[in-house]
K.L.:
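First, the structure itself, so that you have it in front of you.
In this text the structure is predicted, and so the values were computed from the model without any measurement.
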Amino acid sequence: MTAHIDLSKAGILAESSAVRVALLPPVARFSLRAATPEQKALSKALGVTLPAKIGQCGRKGDIEIICLGPDEWTIIAPEDQAGTINDVCAAIYAKTPHSLTEISDREVTVHITGPKASDLITIGCPRDLDQLPVGEARRTVFDGVTTVLWRDGEQDYRLDLWRSFAPHVIALLETGCAELAGE
Amino acid sequence: MLLIHCPYCDETLPELEFTYGGEAHIARPENPADKTDDEWRDFLFIRTNVKGPHFERWRHAHGCGRFFNAVRDTVSDRFLTTYKAGEPRPDLAVLLEDAAKKEPSK
Ligand SMILES: [Zn+2]
C-alpha cells in the first residue's frame with residue numbers, strides 16, 4: 001500500500017495519543033567527502049568542527065554536520081545558507097581537495113515525537129535504540145530503505161528519507177501511529 | 001538475526017544493515033591479459049567453500065557504506081572477528097583459541 005502524500009507541504013502527516021508524525025519544511029543538504037588531512041581546513045571554513053566519530057553531530061548556529069562514514073559527512077543548514085556553504089568550500093578547494101555535492105532535494109525529513117515515538121521507529125528499524133544517545137544520529141535502515149535517524153530527545157526523532165521512498169515509509173508510520181494508540 | 005560488528009562504526013549491529021560480499025583476500029591480477037583462461041577462471045569462480053571458519057567480505061550498506069572483512073564459522077554462523085579492509089588476514093589459530101576461551105564452561 002502506498003499513500004499519496006504531498007511532499008511539498010510541511011505539516012502533520014499522522015497524529016494519535018501515542019505519537020505525532022510531521023513533515024518538516026525543506027532544508028539545504030550537502031554531502032561532503034574529504035580525507036583526514038583536509039578536515040581541519042574544512043572545519044575552519046564551515047565554522048563547525050567536522051565530528052570525527054561516525055554518528056556524532058557537530059552544531060553551530062543553524063548548521064548541523066553529521067559524520068556518516070570514515071570520510072563522509074552530511075551538512076544540514078537553512079536553505080538561504082546553501083550559497084554561503086558552497087562559496088566557503090569552493091574558496092579553499094585549490095589547497096584543500098574535497099567533494100561537496102548539494103543533495104538538498106534528495107531527501108525529506110519526517111519529525112517523530114510523542115510518548116511512543118521509539119516504539120514507532122522499531123516497526124521498521126532493527127537497531128537497538130537504547131544504543132543511540134540523544135544528540136547523535138545514525139545512517140540505518142527502515143523497512144529496507146536507507147535512512148538517517150537523528151535522536152534529538154528521549155522520544156524525539158528526525159528521519160531523513162530519500163524522496164522516492166518516502167511515501168512507502170510514511171504509509172508505514174501512519175499505520176503504526178494509529179496501531180500504537182490502540183494498544 | 002546475526003549481529004555483526006562493523007570495524008568502522010565500532011558498533012555491533014543487526015544483519016539487516018549489511019550485505020554479504022563473498023570470499024575475502026582474493027586479489028585481482030595486476031594484468032588480466034597476461035593470465036591464461038584457466039587462471040582467469042580460477043580468479044573469477046573458484047572459491048575455497050570451507051566448512052568452518054571462512055574469511056569473507058561484508059559491506060555496511062545501510063550504515064557507513066564500507067566494505068570490511070570477517071571470519072565467520074559457516075557451520076555455526078558465529079563471527080570470530082571482523083577487521084577493516086586492507087588489514088592483514090588474522091591468524092586463525094589465535095582466533096580459535098580466543099573463541100574457545102570465551103565459550104562458557106560446560
Ligand atoms: Zn559501519
Side-chain angles (χ1 to χ4, degrees), chain A residues 31-36 39 50-57 65-74 99 101 103 106-107 118 121-133 135-151 159-162 164-165 168-169 172, chain B residues 1-28 54-74 76-90 95 98-99 102-104:
Chain A
S31 172
L32 173 67
R33 307 290 301 258
T36 313
Q39 290 167 18
L50 296 181
K53 195 169 179 290
I54 294 171
Q56 280 183 342
C57 299
I65 301 181
I66 168 186
C67 180
L68 290 177
D71 62 356
E72 181 184 3
W73 293 265
T74 291
S99 152
T101 309
I103 52 164
R106 191 179 71 180
E107 280 134 316
S118 297
I121 306 285
T122 61
I123 69 170
C125 178
R127 282 234 176 194
D128 178 2
L129 293 175
D130 289 345
Q131 304 297 318
L132 175 58
E136 292 194 9
R138 296 290 187 276
R139 186 155 56 194
T140 179
V141 64
F142 194 101
D143 198 51
V145 177
T146 299
T147 61
V148 178
L149 177 68
W150 276 266
R151 188 168 206 172
L159 195 62
D160 259 23
L161 304 165
W162 282 36
S164 54
F165 296 111
H168 168 68
V169 174
L172 281 173
Chain B
M1 192 187 308
L2 298 176
L3 292 173
I4 303 174
H5 186 262
C6 173
Y8 292 95
C9 295
D10 197 20
E11 283 190 287
T12 302
L13 300 165
E15 182 190 352
L16 285 178
E17 290 193 0
F18 298 84
T19 48
Y20 179 67
E23 188 170 347
H25 300 293
I26 292 172
R28 185 182 169 85
H54 184 231
F55 291 79
E56 59 194 22
R57 300 194 311 159
W58 284 82
R59 179 170 177 245
H60 193 187
H62 298 293
C64 64
R66 287 297 168 122
F67 276 95
F68 58 91
N69 293 330
V71 185
R72 179 182 57 97
D73 191 308
T74 58
S76 63
D77 243 355
R78 182 170 167 190
F79 281 85
L80 296 173
T81 189
T82 59
Y83 52 103
K84 290 179 181 175
E87 287 181 1
R89 183 193 279 258
L95 289 178
D98 288 351
K102 280 185 208 146
E103 197 79 30

K.L.:
Below 4.5 Å from any heavy atom of chain A, which atoms of Leu16(B) appear? Answer side chain, backbone, both or neither.
P.N.:
both
K.L.:
Specify the closest pair of heavy atoms between Gly144(A) and His62(B), including all atoms of both residues, with the distance to one decimal.
P.N.:
O-CE1, 3.8 Å
K.L.:
Find the one option among Ala61(B), Cys9(B), Pro14(B) whose heavy-atom pairs under 4.5 Å with chain A are most numerous.
P.N.:
Pro14(B)
K.L.:
When rounded to the nearest 0.5 angstrom, what distance separates CG in Asp10(B) from NZ in Lys53(A)?
P.N.:
6.5 Å
K.L.:
Does Arg127(A) come within less than 4.0 Å of Glu11(B), counting only side-chain N to carboxylate O?
P.N.:
yes
K.L.:
What are the two closest heavy atoms between Cys64(B) and Pro70(A), and how far apart are they?
P.N.:
CB-CD, 4.2 Å
K.L.:
Rounded to the nearest 0.5 Å, what separates atom OG1 in Thr140(A) from atom NE2 in His60(B)?
P.N.:
7.0 Å
K.L.:
Please classify the contact of Asp71(A) with chain B as side chain, backbone, both or neither, using a heavy-atom distance under 4.5 Å.
P.N.:
both
